[in-house]
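First the proteins, then the strands, lettered A, B, ... as listed; each starts at 1. Source: prediction; values computed, not measured.
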Number of protein chains: 2
Amino acid sequence: MGATLKDIAEKSGYSVTTVSRALSGYDDVNEQTRQHIISVANSLGYEPNLPARHLRGLSTQTIGMVIPANDQTFSAHDFFSQLLTGVGDAASRERYDLLISTQIPGEEEMAAYRRMVRGNRVDGMVLARTRQHDPRIAYLQEQGHPFVVSGRSAPGEPNDYPFIDVDSQAGLRILTEFLIELGHRRIGLILPPEDIAYTDYRHNGYREGLAHGGLEYQADYVVYGDLLRSGGYRGAQRLLDTHPLLTAIIACNDLMALGTMSAIQGRGLQVGPDVAVAGFDDIPAAEYAHPALTTIQQPIYEIGQRLVHMLLAIVRGEDLPESQILLQPKLVVRASSGPKLT
Amino acid sequence: MGATLKDIAEKSGYSVTTVSRALSGYDDVNEQTRQHIISVANSLGYEPNLPARHLRGLSTQTIGMVIPANDQTFSAHDFFSQLLTGVGDAASRERYDLLISTQIPGEEEMAAYRRMVRGNRVDGMVLARTRQHDPRIAYLQEQGHPFVVSGRSAPGEPNDYPFIDVDSQAGLRILTEFLIELGHRRIGLILPPEDIAYTDYRHNGYREGLAHGGLEYQADYVVYGDLLRSGGYRGAQRLLDTHPLLTAIIACNDLMALGTMSAIQGRGLQVGPDVAVAGFDDIPAAEYAHPALTTIQQPIYEIGQRLVHMLLAIVRGEDLPESQILLQPKLVVRASSGPKLT
DNA sequence: CTTGACATCCGAAACGTTTCGGGTTAGATT
DNA sequence: AATCTAACCCGAAACGTTTCGGATGTCAAG
């Protein structure tokens, strides 16, 4: 269908070699010849065949990313759409495209990674939402393929790769201390699934906050959720059924916090005055929730952009000033955390 | 780096041809041989080189999509992240990946299309947010490359391509009639930018609604916005500055409606009782806005999925039962449209 | 003993590009 | 007249795969 170098060569009377060299700006072709070739190329609507280029081992100008699929519950993608937008915008400025595969974690997911990496379709990969003993990281390291990660490994695991993460241990400590300062003594916690790498960090931060406020850690104030709104709803129900005297609940992401608010309101209680709620992420919906959600801000969009810059530096063989970045979290106080208790 | 067919051929003692045929399931290779070859392939971690395959003209198993970039304002991507998720999930089920390029509309954007289409990187393209005299559609038709579109052409332009759209003219008529029924007589309208294909449909729907309710169309009750929250804010300010007696404002998408609510609340007025507000799209934030937003529901996620099915049918040469789908919009009444006026 | 059929295998060409290692010409220098 | 240089150009190989069109060997039927 499309015109090839050969077509241009025939039409212009030069060889394929010369056409190729003219088009890619070598200086051993006459300027007049080059102009002629370029005009023929344009008249034929020539566009280079990328697979052919890649076959020669040239850059694919493409960044790969595998994102978790989860059908209906697209709003769970809030985090990923922000990350994706950051990655996409930064990539575009570097004339890179994105190859995206949405996959449910598991065998198919690893196959998607293999297709991209060994299949030679991308120059580098962006990973997100690290898990414990993450097989994706092991694979990419073993392949020696350039990659960067949003989120470091779980505590105790090696972190021998480039990443950007927010210190969520500090985040949860700050949140917990803040609630204690408001006067709360019984604070529930809804954690992410156990296999997520940052779960332990947040769990630890919560414990640190309690210790700092002189409160004892109560294992049954803590439940696990699924990072979705529904998980927050169920988690809050469970906590309030067993411990109706809780005066505050921290959910480990904003989506679960929104679910928590629904559960509280469904019981005829007021979010804030009756039960304080706090989340983590500061997704756009947090600001517009009712009441607006107190949360820990993560600059997800910026992280996406910086990941691209790191990745391309690695791909180009430049060395990175910083290859492991830990950002400090920021507390954003809104109405959901309620007034100071008296 | 990665193992090739040649490596497997050498290690197994068969020819490259036989290895290739064994691996791709031809039946003229001995079952025992095949097993042997497969085990060698696995031991070498073989993964086919996709560019090489594509060079031979085989399917790329990839769907292309160019989405508008707009830096900071990622929340504007609400519509696109839902569409993207729908497209991604459906594609994944068909073992397709997505090639995404984020681009600001203009020359660079067309270049991204050319790279994907003529560069042979995708089997088909998904377009969204049709514009007037859309050069992308003209290009894809001229190239004869498979594509499907979310949103038909502007009124009066030909619609000779497969699309899925929501009848937004009906949507705006319904919305307008609903507000009139509530007792509103002075209803402002914030339209999308003029070059968006659906702008005239929505404008017409508004006029139809007014006519049906026996109200006269007032050109100065209508302003144009930019589809972002900020555009809704500015549009509402302009409307209320010049026409403080407006009792209702329709914004042509939810994001602008949220901006409109901020503007109203910033003036010390109550959204609903003082000024009714309605939007269009039913993005997740609409439900959690305060007050919750009355709006027209578009099943964006499902549209994304159906677009993929249509596109793949075209790519595979199957014929489509329906290639131009117009969905009926659904009114979702929430608090922002306020009570019946007395 | 021929013939044909079948099962199994393979050589070589092709896809479109880039690039190495030249070649040819014209003019300038010896 | 021979040599050198610079400017311009090109043939052929290579990337990894698929596939067309056979080739070879075995065995049963004629």
Integer-rounded Å distance: [N] [atom2] and [X] [atom1]:
| X | N | atom1 | atom2 | result |
| --- | --- | --- | --- | --- |
| Arg121(A) | dT17(D) | CZ | P | 14 Å |
| Gln32(A) | dC8(D) | CD | C1' | 12 Å |
| His54(A) | dC15(C) | NE2 | P | 20 Å |

Margin query: Base, sugar-phosphate or nothing for Pro48(A)? Non-hydrogen atoms, less than 4.0 Å.
Written below: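 Counting heavy atoms under 4.0 Å across all strands, the contact made by Pro48(A) is with sugar-phosphate only.
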
Check: Is there a side-chain contact between Ile63(A) and Met65(A) (heavy atoms, below 4.5 Å)?
Finding: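 No - every pair of side-chain heavy atoms lies 4.5 Å or more apart.
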
Notebook entry, point to check: Does Asp123(B) reach the side chain of Pro146(B), with side-chain heavy atoms less than 4.5 Å apart?
Noted result: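 When only atoms from C-beta onward are counted, Pro146(B) and Asp123(B) do not touch, as no gap falls below 4.5 Å.
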
Does [N] have its OP1 or OP2 closer than 4.0 Å to a side-chain nitrogen or oxygen of [X]?
| X | N | result |
| --- | --- | --- |
| Thr33(A) | dC9(D) | yes |
| Asn30(A) | dC8(D) | yes |
| Thr18(A) | dC10(D) | yes |
| Tyr46(A) | dT17(C) | yes |
| Tyr14(A) | dC8(D) | no |

Check: Just wondering, more than 12 heavy atoms not from Gln32(B) lying within 6.0 Å of its CD?
Finding: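 Not more than 12 within 6.0 Å, no.
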
Next item on the list: Check if the side chain of Ser24(B) and the base of dT18(D) share a donor-acceptor pair of N or O atoms closer than 3.5 Å.
Entry: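 There is none.
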
Margin query: For a quick check, tell me whether the side chain of Asn49(A) and the base of dC15(C) share a donor-acceptor pair closer than 3.5 Å.
Written below: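 For Asn49(A), whose side chain was compared with the base of dC15(C), there is no donor-acceptor pair (under 3.5 Å).
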
Notebook entry, point to check: Do the side chain of Gln61(A) and the main chain of Arg95(A) share a donor and acceptor less than 3.5 angstrom apart?
Noted result: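 Yes; judged by distance alone, with no hydrogens or angles, the pair exists.
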
Residue [X], side-chain heavy atoms: nucleotide from [options] that is nearest:
| X | options | result |
| --- | --- | --- |
| Thr4(A) | dG16(D), dT17(C), dT19(C) | dT17(C) |
| Arg53(B) | dG16(C), dC10(C), dT18(D) | dT18(D) |
| Ala52(B) | dT17(C), dA12(C), dT17(D) | dT17(D) |
| Thr17(A) | dC10(D), dC8(D), dC20(D) | dC10(D) |

Margin query: Does the Lys NZ or Arg CZ of Arg136(A) fall within the cation-pi geometry relative to Phe147(A) - under 6.0 Å from the ring centre and within 45° of the axis?
Written below: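 No cation-pi geometry.
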
